[in-house]
Number of protein chains: 2
Amino acid sequence: MKLKDQNTEATILESAKLIFMEKGLYGARMQDIANQAGINKALLHYYFRNKERLFDEVFGGALARYFQNMEIISDESLPIIDRVLTYSNRFVYFLAEYPQMSIFLIKEISSNQALFHLKVQGIKKDKKYSLLNVLKEGVEKGELPVIDPVVFLMNLHSLCAYPFVAAPIFHAICQGSGVQWTDANHEKLLQSIHEFIHFKLSKSHL
Amino acid sequence: MKLKDQNTEATILESAKLIFMEKGLYGARMQDIANQAGINKALLHYYFRNKERLFDEVFGGALARYFQNMEIISDESLPIIDRVLTYSNRFVYFLAEYPQMSIFLIKEISSNQALFHLKVQGIKKDKKYSLLNVLKEGVEKGELPVIDPVVFLMNLHSLCAYPFVAAPIFHAICQGSGVQWTDANHEKLLQSIHEFIHFKLSKSHL
DNA sequence: GTCTATAGCTGGATAGAC
DNA sequence: GTCTATCCAGCTATAGAC
C-alpha cells in the first residue's frame with residue numbers, strides 16, 4: 001500500500017485519515033492504520049506519540065479547514081441567500097471528504113463538552129458572524145422573510161449533515177428496497193437543499 | 001443504586017438501558033452497568049450469558065415498538081401525504097422518548113452491518129410497504145408530484161432525526177449565540193417538517 | 001528510521017466458594 | 001443467586017536490536 005515516493009509521515013496521515021473515517025476513533029486499530037500505510041505499528045508511535053495525537057493531527061487540520069471554508073457566511077458583499085447557498089455547498093463537500101466528521105464531533109462534544117469548547121474556540125476567531133447571527137440580522141433588517149433562525153439553522157444542518165451521519169442506515173434501507181444510495185446522489189441532495197433554502201429564504205414566494 | 005423492591009433481572013435491564021443509551025454497545029462497560037445496578041459484574045453474565053445478549057434484550061423491545069408505530073405508512077385508507085405527516089410525528093415523538101436511539105443505531109450498524117441486518121429483518125415483517133415503496137407508488141400513480149423518493153426520504157429523516165442526533169452540537173452553537181434549544185422546540189420543529197412535507201408532496205403548489 | 005518482541009493494561013467471561 | 005478471584009484475548013505503547 002505504501003507509496004514510496006511520499007515520506008512516511010504523510011503516508012501515515014493519509015492512511016490514518018482513511019481508517020479513522022471508516023471506523024471512527026475507537027473502532028480504528030493502530031494495526032489497521034499500520035497495515036494501510038504498509039508499515040509497522042511501532043512506527044506510528046515513533047511519528048505520533050500515541051493514538052489520540054495522531055487522531056488530532058488528522059482532524060485538527062480538517063476542522064480548521066472547515067471553519068475557514070465557512071467564513072463565506074460573513075461576506076457582506078453578497079445577499080444572505082447566496083451566502084447560505086454557498087455555505088450549504090461547502091458544508092456538503094466538506095462532509096463528502098470527511099463523512100465521519102459530524103458523528104465524531106457529536107461523540108466528542110457529548111463526552112467532553114469543555115474540551116471541545118477549548119479546541120474550537122482556538123480555531124474560530126470571530127463568533128460575531130455565525131450563520132445564526134447573520135440570519136437574525138437578515139430577518140430584523142427585512143432582507144429575509146420572518147423565519148425562526150434557530151429552526152432554520154437546525155433544518156439546514158439536518159439536511160446537509162444527516163445523510164453522512166446516517167449513511168449506514170440509508171445503505172441498509174435502500175438495500176432492502178432495491179435502490180442504491182451512492183456518492184452520485186450528492187448532487188441530487190444539494191439540489192434538494194437549495195430548493196429548501198429558496199423555499200424558506202426567498203421573499204418572492206410569499 | 002439497587003432498587004430492592006424490584007427483582008435483579010429488571011434492575012439490570014433498567015441499568016443496561018441507561019448505560020447503553022449513554023455510551024453505546026462498545027462504549028458501555030459491563031462494569032458500568034453492574035455499578036449502575038448496584039450488583040456484581042458476574043451477575044450480569046449469570047442473567048444474560050454475555051454482553052451482546054443483554055444488549056439485545058434492551059433494544060429489541062424499543063426497535064419493535066418503532067417499527068410497529070411506523071406501520072401507519074401502509075394504511076391505504078389514507079392519502080399518502082397524511083400518512084407521511086403522521087409518520088413524521090411519530091418518528092419525532094419516538095426520538096423524543098429515545099433521543100439516543102438514532103446515534104446508537106448508526107454506531108451499531110456501521111460497526112456491524114451484518115448483525116444489524118439479521119436483527120432488523122427479524123422485526124420487520126413486510127418490506128413491501130416501506131415508506132420508500134409507498135412514495136414510489138405514489139409518484140407512479142400520480143398521487144404525488146414527481147419527486148425522487150430516495151432524496152425525499154433522506155430529507156425527511158434528516159429533518160426528524162438530526163436534531164436529536166446532534167443535540168450536543170446545537171446546544172453548543174446556541175449557547176455561543178445567546179439562544180436556547182430546548183424540548184419546547186419540538187413543536188416548532190414538527191411544524192417546519194410539516195411545511196416541508198406540504199412543500200414537497202402537495203400537488204397544489206405546482 | 002524501521003523493525004521484532006514484549007510489556008502492561010483493559011475489559012469480557014468463567015470458576016468456584018458461600 | 002450472589003460474591004471474589006482469576007483467566008484470557010485484544011489492543012496500545014515501549015524497549016531495544018539493526
Side-chain angles (χ1 to χ4, degrees), chain A residues 1-60 100 104 107-108 111-112 115, chain B residues 1-60 100 104 107-108 110-116 118-119:
Chain A
M1 299 284 183
K2 186 175 178 179
L3 308 172
K4 276 289 179 194
D5 50 326
Q6 295 189 346
N7 64 24
T8 307
E9 187 168 336
T11 308
I12 292 176
L13 280 174
E14 210 170 298
S15 308
K17 176 179 163 184
L18 215 70
I19 301 293
F20 278 137
M21 279 300 159
E22 191 184 331
K23 310 194 173 181
L25 172 56
Y26 295 105
R29 301 290 149 223
M30 293 297 264
Q31 188 62 61
D32 299 338
I33 297 172
N35 290 344
Q36 175 69 34
I39 56 155
N40 185 281
K41 210 172 42 152
L43 260 197
L44 299 178
H45 293 276
Y46 174 77
Y47 280 97
F48 309 88
R49 181 159 302 280
N50 57 39
K51 193 182 184 184
E52 197 191 334
R53 219 175 264 211
L54 174 55
F55 188 81
D56 282 354
E57 211 72 37
V58 172
F59 281 89
Q100 300 279 336
F104 159 70
K107 280 194 264 183
E108 286 302 304
S111 69
N112 195 338
L115 183 67
Chain B
M1 301 283 182
K2 186 175 179 179
L3 306 174
K4 276 290 177 194
D5 50 329
Q6 296 189 347
N7 64 25
T8 306
E9 188 168 335
T11 308
I12 292 176
L13 280 174
E14 211 171 294
S15 308
K17 177 179 167 187
L18 215 68
I19 301 293
F20 278 138
M21 273 295 170
E22 192 184 330
K23 310 193 174 182
L25 173 56
Y26 294 103
R29 302 290 150 224
M30 294 297 264
Q31 188 62 61
D32 300 337
I33 297 173
N35 290 344
Q36 175 69 34
I39 56 154
N40 185 282
K41 209 171 48 154
L43 259 196
L44 299 178
H45 293 277
Y46 175 78
Y47 280 97
F48 309 89
R49 181 160 304 280
N50 57 38
K51 192 181 181 183
E52 196 189 332
R53 223 175 260 212
L54 174 55
F55 184 81
D56 284 352
E57 212 70 37
V58 172
F59 281 92
Q100 301 281 333
F104 160 74
K107 281 194 261 183
E108 297 321 313
S110 59
S111 65
N112 195 338
Q113 198 133 13
L115 183 68
F116 171 78
L118 283 177
K119 294 191 182 175

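- Here B/T8 does not reach the OP1 or OP2 of D/dG1: none of its side-chain N or O atoms lies under 4.0 Å away.
- Once rounded to the nearest 0.5 Å, the distance linking CZ of A/R29 with NZ of A/K51 reads 5.0 Å.
- Side-chain contact check for A/F59 versus A/M21: some heavy-atom pair is nearer than 4.5 Å.
- Atom CG in A/L43 sits roughly 16 Å away from atom P in C/dA5 (whole-Å rounding).
- The distance from atom CG of B/N35 to atom CE of B/M30, rounded to the nearest 0.5 Å, is 12.0 Å.
- The CD atom of A/E9 sits 9 Å away from the P atom of C/dG1 (whole-angstrom rounding).
- Side chains of A/D56 and A/F48 form no contact here, defined as non-hydrogen atoms less than 4.5 Å apart.
- Protein atom CZ of A/F48 is 12 Å distant from nucleotide atom P of C/dT2, rounded to whole Å.
- Taking every heavy atom of both residues into account, B/D32 and B/G27 meet most closely at OD2-O, 4.3 Å.
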Please write out the pairs of protein N or O atoms and N or O atoms of nucleotides 12-16 of chain D separated by less than 3.5 Å, giving the distance to one decimal.
from   : atom 1 : to    : atom 2 : distance (Å)
D/dT12 : OP1    : A/M30 : N      : 3.3
D/dT12 : OP1    : A/K51 : NZ     : 3.2
D/dT12 : OP2    : A/M30 : N      : 3.2
D/dA13 : OP2    : A/K51 : N      : 2.9
D/dA13 : N6     : A/K41 : NZ     : 3.2

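- In this structure, B/L44 places its CG atom 15 Å from P of C/dG11, rounding to the nearest Å.
- Across all non-hydrogen atoms, the minimal contact from B/L43 to B/I12 is O-CD1, 4.3 Å.
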